[in-house]
Amino acid sequence: MNANPILGVMFHWLGGLASGSFYVPYRFVRKWSWEVYWLVGGFFSWILAPWILASLKTNDLLSVLSSTPAGTLGWAYFWGAMWGLGGLTFGLTMRYLGMSLGMGVALGYCAAFGTLMPPIFHGEFVPKILGTVSGQVILVGVGICLLGIAVAGMAGMSKEREMSDEQKRAAIKEFNFVKGILMATFSGVMSACFAYGLDAATPIADLSRQHGTPELWTGLPKLCVVLLGGFTSNFIWCAYLNVRNRTGYQYFSPTLREEHVESAAKTVSGPVAPGASAVPRLSNYFFSALAGTTWYMQFFFYTMGETQMGDYKFSSWTLHMASIIIFSSLWGIALKEWKGSSGFTKTLLFLGLLMLIFSTVVVGLGNYLGVAPASP
């Protein structure tokens, strides 16, 4: 199948929509502690969805993985585990900064490191990127994306300065700018490890292709390994919090213990009336599963888009980050996180979003130039 960068950009936009939307269902989870709903959703994100869809869409999944060199599996798993640390603090970033500012800051770091490090590591940055017109156009698109992320981040900081503490907490119940920025920085740098994991897992996609898997689905087996690493680090941390906070019973209990009734009112789950202890377990499992599955779909579409980017697959990470911030910012607007902001702040946000949209067009153009037949 020939590469089609235009189709690839569309797939990345769908992935960005999924990623930018996944946290919304969590807002309907009631009275569960963060570590409980995060792990329940993660089980669908990192285990069920990737293995089920890879089994349905690829040929001989188990045979492909069993024939993969141990070194490839090890590195893919390792980088997935490192990404898992970023994913943990990404959830905390959303809690403390909200969707608009939180994603803007975290994904700025993630876009820079995740896009540029793989080609630098492979020694391709100078010959393939700086040395070709298509590579130079893609690099310009990456620069526009990073600048757009910076402008969107400036809008978020401007909003933070303008709003009172009461206004911030009305939109984001646990708003804390200092904690949020620290979490976003760590999360962004570590989340870029997912790109390294996908790069390390390239031989898995090659083997899947050799087993007869259509090109469009060859990236799905990679996700099974990388996400297994992410599940490991997230499971360890959430299990630790279950023990430390004595919240493990919440997975199965229809009621909260008295010690957790008050603390539940401070989470993203919403207010809890004094003395209320009944837990809507069925809806909590449903919305956590919906959030987790929605989150996984970002990489389902990501691997599809990556197959369409020709020789410049590294640019997929930029397209992915830009799309996530676009849709998460739109959700932030819809959820009234920007209510009360000045016209200047909203103009900055609008400008940042326009730059991000334009960056996806420029990156797509660069990839198109890379696959278009040369003029006679």
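Atoms considered below: every heavy atom in the structure, side chains included; atoms not considered: hydrogens, waters and symmetry mates.
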Can any side-chain N or O of [X] pair as donor or acceptor with the backbone N or O of [Y] at less than 3.5 Å?
X      : Y      : result
His12  : Ala322 : no
Thr307 : Met304 : yes
Tyr285 : Tyr251 : yes
Asp60  : His211 : no
Ser283 : Pro280 : yes
Glu35  : Cys238 : no
Ser329 : Ile325 : yes
Ser45  : Gly292 : yes

Can you say whether the rings of Trp38 and Tyr23 are parallel (under 30°), tilted (30 to 60°) or perpendicular (over 60°)? tilted
Parallel, tilted or perpendicular: which describes the rings of Phe299 and His320, with under 30° parallel and over 60° perpendicular? tilted
For residues 141-160, pull every pair meeting ring pair (Phe, Tyr, Trp, His ring centres under 6.0 Å), keeping only residues two or more places apart or in separate chains. none
Assess whether a salt bridge exists between Glu306 and Lys222, defined as any Lys/Arg side-chain N lying under 4.0 Å from an Asp/Glu carboxylate O. yes
Ring centroid separation for Trp83 and Tyr196, is it under 6.0 angstrom? no
With the 4.5 Å side-chain cut-off for hydrophobic clustering, are Leu290 and Leu282 part of the same group? no
Test item: side-chain donor near acceptor, Thr318 and Ser315, under 3.5 Å: no
If we ignore angles and hydrogens, is there a donor and acceptor under 3.5 Å between the side chains of Thr58 and Thr213? no
Sequence-distant partners of Tyr77, side-chain contact (heavy atoms from CB on, under 4.5 Å), two or more places apart: Val225, Leu228, Thr232
Taking the side chain as everything from C-beta on, heavy atoms only, tell me whether Tyr296 gets closer than 4.5 Å to Leu227. yes
Could you give the distance from CE (Met190) to CH2 (Trp79), rounded to the nearest 0.5 Å? 8.0 Å
